[in-house]
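The next block holds one structure in the form of structure tokens; read it before the comments.
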4 protein chains.
Amino acid sequence: MARPKSADKQNAILDAATRLFAERGLTAAPTSEISKQAGVAEGTLFTYFKTKDDLINALYREIKLELADAMMSDFPRKKNVRTRLRHVWDRYVSWGSANPKQRKVLAQLQVSEVLTKESRDAGSAPFVEFQAMIRDAIEQRIFQNDLPVELISKSLTALVEATIDLTVSNPSKAKNYRDSGFQMFWSGVTK
Amino acid sequence: MARPKSADKQNAILDAATRLFAERGLTAAPTSEISKQAGVAEGTLFTYFKTKDDLINALYREIKLELADAMMSDFPRKKNVRTRLRHVWDRYVSWGSANPKQRKVLAQLQVSEVLTKESRDAGSAPFVEFQAMIRDAIEQRIFQNDLPVELISKSLTALVEATIDLTVSNPSKAKNYRDSGFQMFWSGVTK
Amino acid sequence: MARPKSADKQNAILDAATRLFAERGLTAAPTSEISKQAGVAEGTLFTYFKTKDDLINALYREIKLELADAMMSDFPRKKNVRTRLRHVWDRYVSWGSANPKQRKVLAQLQVSEVLTKESRDAGSAPFVEFQAMIRDAIEQRIFQNDLPVELISKSLTALVEATIDLTVSNPSKAKNYRDSGFQMFWSGVTK
Amino acid sequence: MARPKSADKQNAILDAATRLFAERGLTAAPTSEISKQAGVAEGTLFTYFKTKDDLINALYREIKLELADAMMSDFPRKKNVRTRLRHVWDRYVSWGSANPKQRKVLAQLQVSEVLTKESRDAGSAPFVEFQAMIRDAIEQRIFQNDLPVELISKSLTALVEATIDLTVSNPSKAKNYRDSGFQMFWSGVTK
DNA sequence: GATGAATGAGCCTTCATTCAT
DNA sequence: AATGAATGAAGGCTCATTCAT
């Protein structure tokens, strides 16, 4: 193995895929076009990803990791639940507003049939600390009684996504959406 | 006139499309398979829908109409806002839980590139009364001050969808999810 | 047989076919479009012509007949060979310039594979008198010795067609082309 | 570089296309059959020619070039007009008689709707020297006064084609047709 | 490892023709 | 006879993947 696989090329492929999947959709974006935009030969793509589905799964994991990083960096572990939740909320909204293509691809991926169970699991792995925070809050009896945990985290995601959608379509009200959204979530969920 | 176009055949095609799109995805479902499952010849599909994209757009409008019907039938126009919202909430959750395929297709459609603007408009048309209800509530100052309207309706949808997801994956807790979900929404949004 | 086949409809179909074949070509013009432009139902076309090839063959015969009529009407049977040839020449050029669509279709038909031998024979039948004129001229020793008859009539057609082509692309020189063309033919062919 | 595109395959495809277009017509000859007869996979045809129309246009240019080569090789540039014209005449007749398939395809191409303007221009480019010869003859006042130039070259082609047609259908009279044809042309056109 | 030509299965759509009304 | 919906074979083209170079 004279030349080792290049991380640059791998990233170029993932970037090109993100762009094309966002613009044309998962199936309408040909691997040949992805290669071209990545600046590699058609065949090269398949030395980095065995199949197109492989590429898609890898991209999913990559984006999820990126999102988790964005959410969890500088996480104020020592602060109270509200502060920590607010941190996560703000970071998520920022990432989503700043990365519309990644978000669009993620939306397509989540409803597609190509994600393997492994990928789904791998995708949620980086969010363990986030889940832990929710459990912690439950134990502290911060949330309303008998709100199912899974409903709380699912709702958080749902409301963040709604907030990002609005922010993207009307950026001038970004701050308003972010604050109102969180307020809605918080008062919906706490006693 | 010769044989008139048959509503039965049209419906059979839409049904088969729903099934296949849900199972395999929009692009992975061949029109030939749709025809076969609908019990018509391959060419017949194209006398009812000029192109596959046409079929997809028609299906979108049909499902949205069905959903609106489900939500708005027996709508208690005279009752107070909370009751009316709760009606809509319950009907939406029921429809979503009972029609997982339609819902899956809808999710794919919403992130796909094939919907025309006309279809999107036609799809939201049946929900005018729902929008009116929200405006009515605003005027009655039922919601928290300075919550943007668009955030309220968007959040409602987001939370219903979250609720349905959980219901589908754990039907035994259906009632709990439905009640908790609505409670979250209501307390998040009202003063 | 309540209603008899209508000559009007038959003609409407032949006319529409001429137009469409000229504009799009023999195979690119669908029978459905021909029917539509003829103002009849798709199926009706097939009660007048058993197959598309049938229609094409009929059209060939019709156009050839039309051309022969144009050439031979008012034919000056009693005049000398040159006058008679000039008559035919002028009539051919006029017909071709005035009927570009028919001419275009004829050109396509002659190189296509759909004409039956019967049609080709039927197509040349109306030109017997024209052939007779040539033979007559031969007997009168008007042409150069040992010019093959078949070359003479073939050349006449070839030169007329060349003349019409030029006339169509530059109508202002119509008279010039017609006179020069005939002069070329006549001096090429006579002693 | 990986496998380079093979001129052999390209030629095999053009040859197969010539054969099939001549036998069945431009539209009746499927690309799949062309590929098969060329000994390549169906998809391979499209790496050499982007579309079927592309292939057709390329074939047109190739045949025209071949014809020009045949006509102009050994062209006696220094000899008088009659000799040069006779050279071109003989070569054209020989090429046409020896290449009936190419000629048939050319005839179909010229009346078809698929040729681009670029192809038509490219097709006449190799005949510039031939056009120059005609202009030369005009300047030398070899032709009859007031015969339009365009009529002269068009007639030459028309008469050659007529001559070839007869030669093909009756090869035993080949020499007679060739001589008589040229004589007709020459005496038709000169003073 | 990198390249891009080669492959061939598969898909959407067209269209001549049939046939129920 | 007239209609136009129904049919299904056929065709051009795409594209993920392989493999010779």
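A note on names: the letters A, B, ... follow the listed sequences, proteins ahead of strands, and every chain is numbered from 1. Worth saying up front: this structure is predicted, and the values here are computed from it rather than measured.
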How close or far is atom P of E/dT13 from atom CG of B/D54, stated in whole angstroms?
9 Å

For A/Y48 and E/dA2, is the shortest distance between a side-chain N/O and OP1 or OP2 below 4.0 Å?
yes

Take the protein atom NZ of B/K5 and the nucleotide atom P of F/dA6, then report the distance between them rounded to whole Å.
8 Å

Using OP1 and OP2 only, check whether a side-chain N or O of B/T47 sits under 4.0 Å from F/dA5.
no

From C-beta outward on D/A41, which listed nucleotide comes closest to its side chain: F/dT3, E/dG8, E/dG4?
E/dG8

Identify each donor-acceptor pair in which a side-chain atom of residues 112-120 of chain D lies under 3.5 Å from a protein atom, sequence neighbours left out, and give them as a table.
residue: D/S112; atom: OG; partner: D/L109; partner atom: O; Å: 3.1
residue: D/S112; atom: OG; partner: D/V114; partner atom: N; Å: 3.3
residue: D/T116; atom: OG1; partner: D/S119; partner atom: N; Å: 3.0
residue: D/T116; atom: OG1; partner: D/S119; partner atom: OG; Å: 3.0
residue: D/K117; atom: NZ; partner: D/D121; partner atom: OD1; Å: 3.2
residue: D/K117; atom: NZ; partner: D/D121; partner atom: OD2; Å: 2.9
residue: D/S119; atom: OG; partner: D/N57; partner atom: OD1; Å: 2.6
residue: D/S119; atom: OG; partner: D/R61; partner atom: NH1; Å: 2.8

Is C/F49 touching bases, backbone alone, or none of the nucleic acid, heavy atoms closer than 4.0 Å?
nothing

Measuring to OP1 and OP2 of F/dA2, would you say a side-chain N or O of C/K9 lies under 4.0 angstrom away?
yes

Quick one: side chain to side chain contact (heavy atoms under 4.5 Å, CB included) partners of B/D54, sequence neighbours excluded?
B/F49, B/K50, B/T51

Mind checking what makes salt bridge (charged side-chain N to carboxylate O under 4.0 Å, His left out) contact with A/E161, not counting sequence neighbours?
A/R103

I need a per-nucleotide contact map over nucleotides 11-18 of chain F, read 5' to 3'. Cutoff is protein heavy atoms under 4.0 Å; write B for the base, S for backbone only, - otherwise.
SSBBSBBB

If you define the side chain from C-beta out and look only at heavy atoms, does anything of B/K104 sit under 4.5 Å from A/V111?
no

Rounded to whole Å, how long is the line connecting atom CD1 of C/I34 with atom C1' of E/dA16?
11 Å

With sequence neighbours excluded, what pairs up with D/E62 under the side chain to side chain contact (heavy atoms under 4.5 Å, CB included) test?
D/N11, D/L14, D/L59, D/E66

Between P of E/dA6 and NZ of D/K36, the distance in whole Å
20 Å

Please list every donor-acceptor pair under 3.5 Å in which a side-chain atom of residues 19-35 of chain B meets a protein atom from a residue at least two apart or in another chain.
residue: B/R19; atom: NH1; partner: B/Q37; partner atom: OE1; Å: 2.7
residue: B/T27; atom: OG1; partner: A/T27; partner atom: OG1; Å: 2.7
residue: B/E33; atom: OE2; partner: B/Q37; partner atom: NE2; Å: 3.4
residue: B/S35; atom: OG; partner: B/T31; partner atom: O; Å: 2.8

With both pairing distances under 3.5 angstrom for Watson-Crick or G-U wobble, and | for a partner in another strand, the correct string for DNA chain F is .||||||||||||||||||||

Roughly how far, to the nearest 0.5 Å, is the CG atom of A/L55 from the CD atom of A/Q10?
9.5 Å

Among all residues two or more places apart in sequence or in another chain, which pass the side chain to side chain contact (heavy atoms under 4.5 Å, CB included) test with D/T47?
D/T44

Identify, with sequence neighbours excluded, every residue that meets side chain to side chain contact (heavy atoms under 4.5 Å, CB included) alongside D/K64.
D/Y60, D/L106, D/Q110, D/F127

